[in-house]
Amino acid sequence: MSKIGKDDFAAGFVPHHNHGSVDYTGMSVGHVHQCLDVTSPPIPTQDGGHIHYTEGYVLFEDGHTHHYRAYSGPAIPVGNGMHVHYYDFHTSEDDGHSHHVKGVDHPAPGTK
């Protein structure tokens with residue numbers, strides 16, 4: 001298999017890839033946390049597409065942190081041979097509250 005750079009067009013499914021993301025949680029109890037994330041490799045779905053699993057901790061803020069475990073939505077083509085995934089989840093409850101996290105991850109090669 002030839003090497004695919006981050007700016008190369010890649011039609012179809014690229015079997016060994018992951019996505020990164022940098023986002024903020026929703027506000028809860030007057031503060032937010034930053035999420036720095038890298039997903040698992042692709043997980044095939046019954047419809048021929050794929051999703052990704054992720055887990056981790058939000059950055060320490062306001063004296064505490066939160067854990068999360070989540071699956072992305074299916075691949076969304078965004079042009080130039082790249083795709084993203086939508087995510088929407090809640091963190092663990094810590095210090096009496098949780099946070100909502102939603103958005104899209106960074107593009108990765110492949111159109112499916």
TODO: Mind listing the closest non-hydrogen atom pair of Pro44 and Pro42 along with its distance?
DONE: CD-O, 3.8 Å
Task: His100 vs Asp88, side-chain hydrogen bond (donor to acceptor under 3.5 Å, both in side chains): CA-CA, chis, key distance, verdict - done: CA-CA 7 Å; His100 188 206; Asp88 188 342; 2.5 Å; yes
Open item on the list: Just verifying a value: how many Å separate Asp94 CG and Ser28 OG, rounded to the nearest 0.5 Å?
Closed with: 11.0 Å
- [ ] Answer yes if the ring centres of His97 and His64 are under 6.0 angstrom apart, and no otherwise.
- [x] yes
TODO: Give a yes or no answer on whether the side chain of Asp105 reaches the backbone of His85 with a donor-acceptor pair at less than 3.5 Å.
DONE: yes
Open item on the list: If you compare all heavy atoms of Thr54 against all heavy atoms of Val38, which two are closest, and at what distance to 0.1 Å?
Closed with: OG1-O, 3.8 Å
- [ ] Output the distance between atom NZ (Lys112) and atom CZ (Phe13), rounded to the nearest 0.5 Å.
- [x] 11.0 Å
Task: Beyond-backbone contact of Thr25 with Cys35, side-chain heavy atoms, under 4.5 angstrom - done: yes
Open item on the list: Are Val58 and Leu36 linked, directly or through intermediate hydrophobic residues, by side-chain heavy-atom contacts shorter than 4.5 Å (ILVMFWY only)?
Closed with: no
Task: For Glu61, all residues meeting side chain to side chain contact (heavy atoms under 4.5 Å, CB included), sequence neighbours excluded - done: His33
Task: Check: His99 ring centroid to His90 ring centroid under 6.0 Å - done: no
Open item on the list: With a 4.5 Å cut-off on side-chain heavy atoms, are Tyr87 and His52 touching?
Closed with: no
Open item on the list: Minimum heavy-atom separation for Thr111 and Pro77, please, with both atom names.
Closed with: O-CG, 3.5 Å
Open item on the list: If we ignore hydrogens and angles and just use 3.5 Å, is the side chain of Asn80 paired with the main-chain N or O of Met82 as donor and acceptor?
Closed with: no
Open item on the list: With a 6.0 Å cut-off (strictly less than), is the heavy-atom count around CZ of Phe89, excluding the residue itself, greater than 12?
Closed with: yes
Open item on the list: To check you understand the geometry: which heavy-atom pair defines the closest contact between Thr65 and Tyr57, and what is its length?
Closed with: OG1-CB, 3.9 Å
Task: Validation row: Tyr53, Ile43 side chains within 4.5 angstrom (heavy atoms) - done: yes
Task: Closest contact, heavy atoms only, Ser98 versus Thr91 - done: CB-O, 3.4 Å
Open item on the list: For Asp23 and Ser21: C-alpha separation, side-chain torsions, deciding distance, then whether side-chain hydrogen bond (donor to acceptor under 3.5 Å, both in side chains) applies.
Closed with: CA-CA 6 Å; Asp23 210 341; Ser21 67; over 6 Å; no
TODO: For His16 and Val14, indicate whether the former's side chain and the latter's backbone hold a donor-acceptor pair under 3.5 Å.
DONE: no
TODO: Verify side-chain contact (heavy atoms from CB on, under 4.5 Å) between Tyr68 and Val101, making sure each step is shown before the conclusion.
DONE: CA-CA 10 Å; Tyr68 58 89; Val101 182; over 6 Å; no
Task: Test side-chain hydrogen bond (donor to acceptor under 3.5 Å, both in side chains) applied to His83 and His50, step by step - done: CA-CA 11 Å; His83 72 282; His50 73 282; 3.3 Å; yes
Open item on the list: Please give me the minimum heavy-atom distance between His66 and Ser92, naming the atom from each residue.
Closed with: ND1-O, 2.9 Å
